[in-house]
Participant: 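Quick one: the structure is below, questions incoming.
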Amino acid sequence: MGKYNIIVAMDSKNGIAKNGKIPWDLVEDRVYFKKITTETKDKSRRNVVVMGRKTWESLPKNNRPLSGRINIVLTKQKMDAVETVASFEELEKKLVKIAEKIEEVFIIGGEQVYKQALDKLNIHKLYITQIQRDYGCDQFFSEFRDRFELEQQEKHRDFYFSRLTNRNRGV
Ligand SMILES: NC(=O)c1ccc[n+]([C@@H]2O[C@H](COP(=O)([O-])OP(=O)(O)OC[C@H]3O[C@@H](n4cnc5c(N)ncnc54)[C@H](OP(=O)(O)O)[C@@H]3O)[C@@H](O)[C@H]2O)c1
């Protein structure tokens with residue numbers, strides 16, 4: 001089965017959202033997110049994006065499900081438009097069933113789902129877009145620096161694309 005990764009964009013205070021929305025509009029980050037979550041080495045496989053119900057609802061209707069990726073939404077509710085799971089245990093079972101078809105699994109938010117993913121899953125890599133500004137966010141990403149170390153960093157105007165790897169090499 002594909003390894004678990006997290007991809008997140010945050011501000012200088014680890015903020016990820018304000019009033020239920022991402023308070024920046026960074027074209028480069030949208031392009032980067034699409035590339036990282038879509039590209040596979042094995043062209044016969046696809047990546048999975050896993051998100052909470054509120055993040056799903058925050059996506060523009062004409063942009064969901066996210067194309068070229070298997071979308072899975074965590075929710076206790078019934079939804080028709082997308083595949084859902086009611087727990088992380090159910091998610092793992094589903095991923096085992098489709099293991100032959102998938103390459104990487106990306107946890108794409110939001111706050112609640114990131115927190116649980118960091119606690120419950122063996123996260124292999126973190127892909128972080130860090131914007132060097134404080135947007136006064138009211139939702140945050142948990143502290144991660146003790147568990148992950150920097151592997152690669154690309155500096156742009158006023159943001160970085162960073163890739164961190166789990167310090168526990170067995171993951
Ligand atoms: N900056 C970034 O990179 C980034 C990325 C993604 C999202 N965001 C932002 O984050 C915000 C949303 O975050 P959020 O924490 O409010 O919501 P969320 O994590 O997207 O979704 C929360 C919902 O997911 C479901 N859920 C969570 N854990 C579950 C579990 N263990 N089992 C089953 N269902 C579970 C529940 O849905 P039900 O209530 O339906 O059961 C819960 O209400 C939005 O503002 C979004 O724009 C930012």
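For reference, positions follow the sequence shown, starting with 1. Whatever order the structure lists them in is the order used to number ligands and atoms, beginning at 1.
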Participant: Would you mind checking which non-hydrogen protein atom is closest to atom 4 (C) of ligand 1, with the distance to 0.1 Å?
Facilitator: I22 CD1, 3.7 Å
Participant: Quick test: of every protein heavy atom, which one is nearest to atom 9 (C) of ligand 1, and how far off is it to 0.1 Å?
Facilitator: A17 CB, 3.7 Å
Participant: Which part of S87 is near ligand 1, with near meaning a heavy atom under 4.0 Å away: side chain, backbone, both or neither?
Facilitator: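 The backbone, only.
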Participant: Does any N or O of ligand 1 fall below 3.5 Å from an N or O anywhere on G20, backbone included?
Facilitator: yes
Participant: Got the closest protein heavy atom to atom 17 (O) of ligand 1, with its distance?
Facilitator: K54 CB, 3.4 Å
Participant: Please work out whether any backbone atom (N, CA, C, O) or any side-chain heavy atom from C-beta onward of Q116 is under 4.0 Å from ligand 1, and answer side chain, backbone, both or neither.
Facilitator: side chain
Participant: So do E149 and T165 actually touch side chain to side chain, heavy atoms under 4.5 Å?
Facilitator: yes
Participant: If we set the cut-off at 4.0 Å for heavy atoms, which region of Y114 has an atom near ligand 1: side chain, backbone, both, or neither?
Facilitator: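 Side chain only.
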Participant: Quick one, N47 with E103, criterion side chain to side chain donor-acceptor pair (under 3.5 Å). Give me CA distance, side-chain angles, the key distance, then yes/no.
Facilitator: CA-CA 5 Å; N47 293 330; E103 197 162 285; 5.6 Å; no
Participant: Could you tell me whether ligand 1 has any atom less than 4.0 Å away from a heavy atom of M51?
Facilitator: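 No, M51 has no heavy atoms under 4.0 Å from ligand 1.
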Participant: Are side-chain heavy atoms of V31 and F33 found at a separation under 4.5 Å?
Facilitator: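 The answer is no; the side chains never approach within 4.5 Å.
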Participant: On a heavy-atom basis, I'd like to know which of Q139, E111, Q112 is closest to atom 16 (O) of ligand 1.
Facilitator: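 The residue whose heavy atom sits nearest atom 16 (O) of ligand 1 is Q139.
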Participant: Counting heavy atoms only, which of T129, T75, V73 comes nearest to atom 34 (N) of ligand 1?
Facilitator: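 Among T129, T75, V73, the closest heavy atom to atom 34 (N) of ligand 1 belongs to T75.
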Participant: With a 3.5 Å cut-off and no angle check, do the side chains of Q132 and S12 form a donor-acceptor pair?
Facilitator: no
Participant: Check I36 against F106 and note the closest heavy-atom contact, atom names and distance.
Facilitator: O-CZ, 3.4 Å
Participant: Could you walk me through whether D42 and T40 pass the side chain to side chain donor-acceptor pair (under 3.5 Å) check?
Facilitator: CA-CA 5 Å; D42 177 346; T40 53; over 6 Å; no
Participant: Please state which protein non-hydrogen atom is closest to atom 48 (C) of ligand 1 and give its distance, to 0.1 Å?
Facilitator: I16 O, 3.4 Å
Participant: If you have a sec, work out which protein heavy atom is nearest atom 35 (C) of ligand 1 and how many Å separate them, to one decimal?
Facilitator: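 Nearest neighbour among protein heavy atoms for atom 35 (C) of ligand 1, to 0.1 Å: L74 CB, 3.9 Å.
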Participant: Starting from atom 3 (O) of ligand 1, which protein heavy atom do you reach first, and at what distance in Å?
Facilitator: A9 N, 2.9 Å
Participant: Thinking salt bridges, do K125 and E151 make one under a 4.0 Å N-O criterion?
Facilitator: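 Answer for the salt bridge query: yes.
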Participant: Is E57 salt-bridged to R53, cutoff N-O under 4.0 Å?
Facilitator: yes
Participant: Does E92 come within less than 4.0 Å of K94, counting only side-chain N to carboxylate O?
Facilitator: no
Participant: Below 4.0 angstrom from a heavy atom of Q77, which ligand 1 atoms are there? Numbered from 1 as shown, please.
Facilitator: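 Numbered from 1, ligand 1 contributes 38 (P), 39 (O), 40 (O).
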Participant: Looking at Y135, does the NZ or CZ of R133 lie under 6.0 angstrom from its six-membered ring centre and within 45 degrees of the ring axis?
Facilitator: yes
Participant: Run the numbers for me: atoms of ligand 1, each under 4.0 Å from some heavy atom of R53, listed by number.
Facilitator: 21 (O), 23 (C), 24 (O), 37 (O), 38 (P), 39 (O), 40 (O), 43 (O)
Participant: Report the nearest protein non-hydrogen atom to atom 18 (P) of ligand 1: residue, atom name, distance rounded to 0.1 Å.
Facilitator: G110 N, 3.6 Å
Participant: D146 vs R167, test: salt bridge (charged side-chain N to carboxylate O under 4.0 Å, His left out). Steps then yes/no.
Facilitator: CA-CA 8 Å; D146 54 338; R167 292 184 193 276; over 6 Å; no
Participant: By number and element, which atoms of ligand 1 are closer than 4.0 Å to a non-hydrogen atom of V8?
Facilitator: 3 (O)
Participant: Going through the distances and angles, do H124 and Y4 end up as a ring-ring contact (aromatic ring centres under 6.0 Å, His included)?
Facilitator: CA-CA 6 Å; H124 180 50; Y4 290 107; over 10 Å; no
Participant: May I ask you to list the atoms of ligand 1 that are less than 4.0 angstrom from any heavy atom of F88?
Facilitator: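 Selected atoms, number and element: 31 (N).
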Participant: Hey, is K115 close enough to E111 for a salt bridge, meaning N to O under 4.0 Å?
Facilitator: yes
Participant: Between I108 and ligand 1, which residue portion shows a heavy-atom distance shorter than 4.0 Å: side chain, backbone, both, or neither?
Facilitator: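 Only the backbone of I108 comes within reach of ligand 1.
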Participant: For atom 33 (C) of ligand 1, what is the closest protein heavy atom, and at what distance to 0.1 Å?
Facilitator: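 Here the nearest protein heavy atom works out to A86 O, 3.1 Å.
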Participant: Polar contacts were defined as any N/O atom of the residue lying under 3.5 Å from an N/O atom of the ligand; does this apply to T55 and ligand 1?
Facilitator: yes
Participant: With heavy atoms of V113 as the reference, note each atom of ligand 1 found under 4.0 Å away.
Facilitator: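 Once the distances to V113 are compared, the set is 19 (O), 27 (C).
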